[in-house]
Asker: 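Shown below is the structure under consideration.
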Amino acid sequence: MEPDKRVVGIKQSRKAVREGRARRVYLAADADPAITGPIAAECAAAGIPVETGKTMAQLGHACGIAVGAAVAAELIS
């Protein structure tokens with residue numbers, strides 16, 4: 001994902017979903033369901049596709065950060 005077209009983290013991703021700026025949301029498969037569950041429900045209600053195939057480490061690496069990430073969102077350009 002391009003840096004200017006994504007947000008990383010639960011708070012920023014939820015904000016993007018609520019504001020209608022998210023095109024797709026990525027949830028780490030090994031993240032705590034208590035964290036990922038509410039945003040998955042928001043995405044379902046908003047009709048935003050969700051992908052869950054990567055681990056936290058893989059998702060963080062894909063976003064260009066040195067730590068794991070539970071949630072990331074690709075933004076509408």
Asker: What closest approach, in Å, do A73 and A22 show between heavy atoms, and which atom pair accounts for it?
Answerer: CB-CB, 4.4 Å
Asker: Salt bridge check, R14 against E42: does any charged N sit closer than 4.0 Å to a carboxylate O?
Answerer: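 So E42 pairs with R14 through a salt bridge.
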Asker: Starting at CD of Q58, measure out to CG of D30 and round the result to the nearest 0.5 Å.
Answerer: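 Taking CD in Q58 and CG in D30, the distance rounds to 8.5 Å.
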Asker: Donor-acceptor pairs under 3.5 Å, side chain of residues 46-53 to any protein atom, not counting sequence neighbours: which ones?
Answerer:
| residue | atom | partner | partner atom | Å |
| --- | --- | --- | --- | --- |
| E51 | OE2 | R24 | NH1 | 3.2 |

Asker: Hey, what do you get for CZ (R21) to CD (Q12), rounding to the nearest 0.5 Å?
Answerer: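 Answer rounded to 0.5 Å: 8.5 Å.
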Asker: Charged N to carboxylate O below 4.0 Å: is that the case for E74 and R23?
Answerer: yes
Asker: Could you pull out the closest heavy-atom pair between A31 and T36, with the gap in Å?
Answerer: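 The answer is CB-CG2, 3.7 Å.
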Asker: If you take all heavy atoms of A28 and M56, which pair is closest and at what distance?
Answerer: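 Here A28 and M56 meet closest at CB-CG, 3.4 Å.
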Asker: Linking Ile, Leu, Val, Met, Phe, Trp and Tyr through side-chain heavy atoms less than 4.5 Å apart, which residues share a cluster with I65?
Answerer: V8, V67
Asker: Which pair of non-hydrogen atoms, one from L59 and one from A69, has the smallest distance, and what is that distance?
Answerer: CD2-O, 3.4 Å
Asker: Which heavy atom of A34 sits nearest to which heavy atom of P38, and what is that distance?
Answerer: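 Nearest heavy atoms, A34 then P38: O-CD, 3.3 Å.
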Asker: At their closest point, which heavy atom of V25 faces which heavy atom of C43, and how far apart are they?
Answerer: CG2-SG, 3.5 Å
Asker: Once rounded to the nearest 0.5 Å, what's the spacing between atom CD1 of I39 and atom CG of L27?
Answerer: 6.5 Å
